[in-house]
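Since the structure comes first, as structure tokens, the remarks are kept for the end.
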Amino acid sequence: MFGSIEKPHLFGLPCGVNYPAALKQGILERFRNSPPEILARTQIFVNTSRMKKDILSAFDDGSTRLLPQVKLIAELGASPDVMDLPMPISGLRRRLELSQLVSHFLRQEPQFATRASVFDLSDSLAALLSEMQDEGVTPEQLRSLKIPDASGHWEKSLTFLSIIFDYFGPTAAHEPSQEDRLRLIVDRLETKWGETPPSHPIIVAGSTGSRGMTARFMTLVARQPKGAVVLPGVDFDIPLEVWQEIAGRGNRSTPTVEHPQERTVRMAEKLGLTSGDIQNWAQVSPPNLTRNRLISLSLRPAPVTHQWMKEGPGFQNTDSACSAMTLIEAPDMRIESNAIALILREAAQNGRKAALITPDRDLARRVTALLGRWNITPDDSAGIPLNQTPPGRLLRHIVGILGRKLSSEDLLVLLKHPLTSRGHTGDEGRGYHLLWTRELEVHLRRKGVVFPDRESLLQWAISSGAEKADKEVRKIWAAWIADLLDVLAVAPERDLADHIDHLVSVASLFVKGAQGTDDRELWGQNAGREVLRLVSDLRREAEFGGIMNALAFADLFRAVLGRGLARDPSPKHPQVMIWGTLEARALGAELVVLAGLNETIWPQAPGQDPWFSRDMRKQAGLLSPEQATGLSAHDFQQAVGAPEVVLTRAKRDAEAETVASRWLIRLTNLMSGMSDEGRSALDAMRKRGAYWIKMADDLDRPNFTLPPAKRPSPRPPVAARPRQLSVTRIETLIRDPYDIYANRILRLNKLDPLSRDPDVRERGTAFHAIMESYLTDISDETFDQSLARFMATAERVLEDQVAWPSARRVWLGRIRKIAEGLVRQERMRLTRGQPAGIEVKGAMHFSDIDFSLTCKADRIDRKNNDTFVIYDYKSGRPPSENQTRIFSIQLLLEAAMLEAGRFDDLPIGRVTEVTYLGLDSGLTETSLALEKSDIDEVQAKLRELIRNYDDPETGYSARRMMAKVRFKTDFEHLARFGEWSEADEPVPEDVQ
């Protein structure tokens with residue numbers, strides 16, 4: 001049936017063939033003369049559900065025949081013959097168990113790692129335990145490693161790794177893992193089949209045997225009289241010299257594990273076979289045999305790459321090998337995504353089956369979004385990570401804020417979530433919820449509320465709904481949010497089950513809404529059911545998780561949620577697929593796009609092993625990091641043999657220039673140096689790619705161009721121009737009149753971002769509040785007492801008014817540096833006069849120009865000679881004397897207002913001095929002695945300024961006299977600054 005019983009039955013299928021169809025063809029050819037029931041008794045073992053589905057689909061071609069039994073290798077444990085073996089433990093329970101052991105270890109050895117790393121260490125141990133059991137590595141092999149350990153690092157690591165040593169051996173006090181139980185099953189099958197071989201055909205298909213227990217099972221099947229192993233993507237063109245080099249019998253003493261055929265060679269060597277002993281299972285030819293030979297030559301191991309010089313010049317028919325290949329070297333990721341989407345769209349339009357193969361999930365998501373332009377939904381085999389689905393995102397957001405004060409940004413993220421407030425009947429409740437959420441967001445942005453609380457929320461509801469019909473319901477809604485804030489803030493240390501119940505109950509409250517009772521939307525749809533299953537699994541295993549705080553629970557839950565996947569069951573386009581590299585082995589597409597061909601993507605960079613170096617792994621018998629590279633290389637070699645292939649990469653990612661995949665570099669280097677025909681074929685590949693690059697660039701390019709904006713100078717009607725400004729806005733009117741136009745005439749206001757860092761404005765407000773509080777409690781005290789009171793005042797004010805803990809610490813440190821000098825200066829000022837007004841308001845009307853000034857003076861002192869001095873605090877460096885006289889004239893205007901008696905509770909007085917007090921590191925001061933003529937001059941300048949802007953021909957020019965070219969303004973985007981420069985002349989324009 002499968003050939004000689006003297007040799008193991010190892011077969012293969014060449015790269016590029018439709019593996020399920022070819023497997024079926026080979027089976028039917030061998031069973032042609034057999035009874036029909038033999039097919040029904042045949043067992044085919046595969047390693048992925050996708051391969052199982054594709055093989056069954058290949059047999060389901062409409063013809064009448066019995067179907068073989070297609071099973072996963074993991075289903076070996078469901079056989080009645082092995083039901084007496086203990087059932088395997090779930091991976092989740094094993095990780096929870098390990099987390100308890102790791103936590104106990106860290107309590108005994110706190111210097112080994114931080115408590116925050118418990119779950120990362122548990123995952124690492126679980127992965128190592130799985131690998132050791134799969135590869136048959138025992139704890140004794142780790143203990144016997146010969147490692148120079150002068151620093152004692154390996155001894156400490158080995159002590160930690162001993163946590164998992166109790167999971168090995170017949171006396172292990174723990175339930176077996178999936179890998180350990182599979183080992184017991186294979187052991188039993190080896191004994192059973194050694195005595196009584198199976199009487200029905202058994203075939204292992206689609207696996208390369210890259211894992212230990214899987215490889216053992218494959219070798220066991222291959223040695224059975226009615227057993228066969230059919231390897232995917234076998235390179236039948238490997239010369240014997242290359243075979244020996246891969247096997248480690250050539251110039252290198254170790255196997256070339258990064259070569260794509262290393263798994264094939266290893267399997268054959270285990271079975272005592274050579275390259276000529278592997279037969280083509282179905283005698284099928286690949287779509288392009290010449291291309292397979294070219295790819296095989298390009299992927300020769302490094303020690304025999306010199307064969308390029310010999311075989312390359314004599315390689316024939318390179319043009320035909322590459323005629324159906326396209327190379328796209330896009331300038332960036334956007335162009336690459338656009339090009340792929342266009343290629344898939346064209347294939348769908350022409351009725352061709354096309355597949356995108358890439359390990360880059362970000363690229364796959366971008367292409368999926370682009371295909372949505374044409375209502376094409378590809379069949380994505382990977383599904384959607386649960387933490388990116390609506391219920392997964394809601395739970396992820398909630399678990400991240402349990403036990404801490406909720407910020408405005410976090411609150412609005414939750415309120416805007418698509419599942420929030422879905423418990424009402426119909427959409428009416430959700431509509432009001434979105435309306436109030438939008439109004440609340442505007443309020444929080446305008447007021448700069450960083451951490452909303454119950455009082456501020458209820459006050460907003462009352463004030464915003466005072467004259468509206470929904471005022472009572474609005475208050476209920478605000479109270480609902482306030483109650484949620486209280487619930488979220490409570491997250492004590494407790495066991496895992498209570499954490500899960502609390503998380504689910506909070507999520508349910510959000511979904512129900514303020515007055516709803518139904519939370520079914522949380523678990524609705526396919527994604528909700530998958531999240532519910534995951535939460536139920538975690539709840540069922542919670543007794544093994546122990547007691548933890550909210551931060552540890554958040555780390556655990558996010559890690560578990562991130563491993564889950566949800567697959568959308570809605571109909572997909574039948575001709576467009578997105579596959580991972582593993583699914584590429586089926587290769588049932590006419591057109592294949594191999595995308596993301598850059599180093600660190602394909603192949604992916606090997607992860608950091610926290611426990612073993614490469615040499616230590618080799619000594620212990622663990623997998624080499626390069627074996628993952630070899631598997632990726634095999635997937636590449638198999639996929640590139642498709643009937644039509646497009647190779648794509650982006651020359652630059654979001655951060656820097658990229659490096660092409662090593663396999664792509666090898667192919668292009670070989671073709672560019674082998675012959676004129678090779679260079680010509682490579683140029684043709686790039687030319688075909690350039691066509692798609694141009695198409696991709698044109699896809700986002702508008703079919704019209706807008707001329708750059710002119711420097712604006714709007715001229716609104718005189719009646720619309722402001723008749724009142726504060727003294728601080730006069731400088732803005734001088735430097736950037738457009739800002740006044742946008743703010744006071746168009747009535748636009750900048751909304752603060754929800755998530756923002758403390759800036760100069762917050763720092764200035766805090767420093768002003770410190771000085772105001774310090775100066776309102778002047779008493780007869782010593783310097784040390786004054787300094788202590790100042791620092792106590794600074795700490796209290798910062799704690800009360802600054803919401804950012806990091807900013808409080810930084811600003812307090814800055815104040816501490818200047819405290820002694822500042823207090824000494826203030827005590828000197830108090831000897832010259834006493835404060836007559838702190839944060840005192842004033843207003844003055846100029847009747848001849850019908851214009852009013854308002855202000856709030858930081859500090860006005862009455863000097864000992866009954867004249868006044870006006871102070872203004874600057875959190876940074878104060879303006880210079882020239883700037884004070886020309887631009888920053890607010891203190892001069894305040895002096896004019898004081899001399900006119902326009903301040904509340906202050907008499908008319910003579911101002912002889914104005915001073916800017918810098919709270920910078922140097923405590924810089926800018927002081928001007930004033931004469932009566934200075935007051936008259938500044939009033940005349942103000943009148944002239946206002947009269948100029950009362951002229952209909954005067955426009956509010958943008959950035960008229962900025963202090964610095966790089967100075968940012970609130971409305972420069974509205975003025976389209978950047979399309980023009982400050983060297984351009986303003987262009988007046990009448991506006992209504």
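Looking at Arg721 and Arg715, their side chains come closer than 4.5 Å, going by heavy atoms from C-beta outward. No side-chain heavy atom of Arg862 sits less than 4.5 Å from a side-chain heavy atom of Val869.
There is a side-chain donor-acceptor pair under 3.5 Å between Glu731 and Ser888. Side-chain N/O atoms of Asn865 and Thr867 include a donor and acceptor closer than 3.5 Å. Using modelled atom types and a 3.5 Å distance limit, the side chains of Glu989 and Ser713 yield no donor-acceptor pair.
Formation of a donor-acceptor pair under 3.5 Å by the Arg960 side chain with backbone atoms of Ile734 is found in this model. A donor-acceptor distance shorter than 3.5 angstrom exists from the side chain of Arg723 to the backbone of Asp850, with no hydrogens or angles considered. A donor-acceptor contact shorter than 3.5 Å is absent between the side chain of His845 and the backbone of Leu853. Panel note: side chain Asn864, backbone Thr831; a donor-acceptor pair is recorded below 3.5 Å. At least one donor-acceptor pair under 3.5 Å links the side chain of Arg404 to the backbone N or O of Gly400. Between the Asp920 side chain and the Thr924 main chain, a donor and an acceptor come within less than 3.5 Å of each other. Between the side chain of Thr776 and the main chain of Ser773, a donor-acceptor pair closer than 3.5 Å is present. With hydrogens and angles ignored, the 3.5 Å screen pairs no side-chain donor or acceptor of Thr437 with any backbone N or O of Lys416.
Figure legend: cation-pi geometry between Arg735 and Phe887, with NZ or CZ positioned under 6.0 Å from the six-membered ring centre and within 45° of its axis. Stacking of Arg829 on the aromatic ring of Tyr871 is recorded, both the 6.0 Å distance cut-off and the 45° axial limit being met. Arg943 forms no cation-pi arrangement with Phe846, by the criterion of a distance under 6.0 Å to the ring centre and an angle within 45° of the ring axis. Annotation: cation-pi pair Arg959/Tyr738 absent, no NZ/CZ under 6.0 Å from the ring centroid and within 45° of its normal.
Heavy-atom neighbours of Arg947 CZ from other residues, nucleotides or ligands within 6.0 Å: above the threshold of 12. At most 12 heavy atoms of other shown residues, nucleotides or ligands fall within 6.0 angstrom of atom CZ in Arg446. The local environment of NZ in Lys475 is crowded, with over 12 non-hydrogen atoms from other residues, nucleotides or ligands closer than 6.0 Å. Counting heavy atoms of neighbouring residues, nucleotides and ligands inside a 6.0 Å radius, atom CD of Gln801 exceeds 12 of them. Counting heavy atoms of neighbouring residues, nucleotides and ligands inside a 6.0 Å radius, atom CG of Asp905 does not exceed 12 of them. For CD of Gln459, the number of neighbouring non-hydrogen atoms (other residues, nucleotides, ligands) closer than 6.0 Å is 12 at most.
Interatomic distance, Thr854 OG1 to Lys856 NZ, rounded to the nearest 0.5 Å: 10.5 Å. To the nearest 0.5 Å, atom CZ of residue Phe977 and atom NE2 of residue His973 are 14.0 Å apart.
Heavy-atom minimum distance, Pro452 versus Leu485: O-CD1, 3.6 Å.
Looking at Glu881, Gln883, Arg877 one by one, the single match for side chain to side chain contact (heavy atoms under 4.5 Å, CB included) with Pro879 turns out to be Gln883.
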